[in-house]
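Contents: one structure, followed by commentary.
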Amino acid sequence: MEEKSITHEDSLKIIESMIETAKKKVTRLDSYYSLMWGYLVLIASLLNYYLLTAGYGQKASYAWFLMFIGGLASIWISIRRNKERKVRTYFDKVLFYLWMGFIICIFIVVFNGKYISYQITPLILLLYGIALLVNGGIFNFKPQIIGAVVAWIGCFIAFRLEYKDQLLVEAAVVFISYIIPGHLLYNMAQKDV
Amino acid sequence: MFKELDPIIHSQLRLAVMSILAGVESAEFVYLKEKTNATAGNLSVQLEKLQQAGYISIEKTFKGKYPLTLCKITLAGAEAFKKYVNDLQSYIKP
């Protein structure tokens, strides 16, 4: 663009086209979080369920150490993202704080399990619901909004079940709310960042 | 009576830059260059003008080994942009 005088109509066109160009675009990296956490939580829930059935008792919950792999991989994805990203939208900022808050809430719930009769799974499903609703709302991505409703239905059901059976509900919820939207997001996302 | 449009914003490239920065938290120099199709030299000069007016802040850091120029709109810049758009509307819809 060269320096030249512009008309008022030109001004409007410039504003319109530039604002359009800077909108948040869904990229494949966005789908990686959904897919990775979806599959990890699915495997951990089913593994925990299997180990409980096989009589491992409390040791069965070691299945959740898989979450540390997820944590490390998330850090790696976010570093890669920051390297490739040339613009930071307010959506990026909102999503960062949303998921950060989500993780902190999960830690609080897990570490205070004994004070809430170990009703950890339903509370995590409740939190999933909020995070998915906001995430889906920002992207205008219906599968995640439906996923939020599914998470809350799962929460309702899980409160009425024993710990072992809650794991099956959690597995079903992550499959519907994370894995399916994750694959859809991957397919519709643009390759560029 | 028409209001005079802010001359600092009322130029093709500076307006383009302000429009982008008004909608994002921050943008790199290369991103602005890519989106506006401007030359690096011209963009630098226009960014400098916007910075001197206090409309944008420019932060120079490094991304690994490479220099990184990060631009953000300031509060004054956001206000000026809002006023520019309002003034523009008075021309279009008198």
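The sequence lines fix the lettering, A, B, ..., with proteins before strands; numbering per chain opens at 1.
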Inset, instruction - Take atom NZ of A:K142 as the centre, draw a 6.0 Å sphere, and report whether it contains more than 12 heavy atoms from other residues, nucleotides or ligands. - result: no
Give a yes or no on whether [X] and [Y] share a hydrophobic cluster (residues Ile, Leu, Val, Met, Phe, Trp, Tyr; joining criterion: side-chain heavy atoms under 4.5 Å apart).
X      : Y      : result
A:L167 : A:Y50  : no
A:Y62  : A:V41  : no
A:L66  : A:Y56  : no
A:I69  : A:Y33  : yes
A:F159 : A:V109 : yes

Legend entry - Which of A:E9, A:H8, A:E16 touches chain B most, by non-hydrogen pairs under 4.5 Å: A:H8
Pick one of side chain, backbone, both or neither for [X], based on which atoms fall under 4.5 Å of a heavy atom in chain A.
X     : value
B:L15 : both
B:F29 : neither
B:V85 : side chain

Answer yes or no: is there a side-chain heavy-atom contact under 4.5 Å between [X] and [Y]?
X     : Y     : answer
A:D92 : B:V24 : no
A:I6  : B:H10 : yes
B:E25 : A:T89 : no
A:M18 : B:M18 : no

In Å, rounded to the nearest 0.5 Å, how long is the span from [atom1] of [X] to [atom2] of [Y]?
X     : Y     : atom1 : atom2 : value
A:S11 : B:L5  : OG    : CG    : 6.5 Å
B:F81 : A:I15 : CZ    : CD1   : 4.5 Å
B:S26 : A:K86 : OG    : NZ    : 13.5 Å
B:I20 : A:S17 : CD1   : OG    : 8.0 Å

Inset, instruction - Run the numbers on B:Q12 and A:I14 for side chain to side chain contact (heavy atoms under 4.5 Å, CB included), then give the verdict. - result: CA-CA 7 Å; B:Q12 199 168 359; A:I14 293 168; 3.5 Å; yes
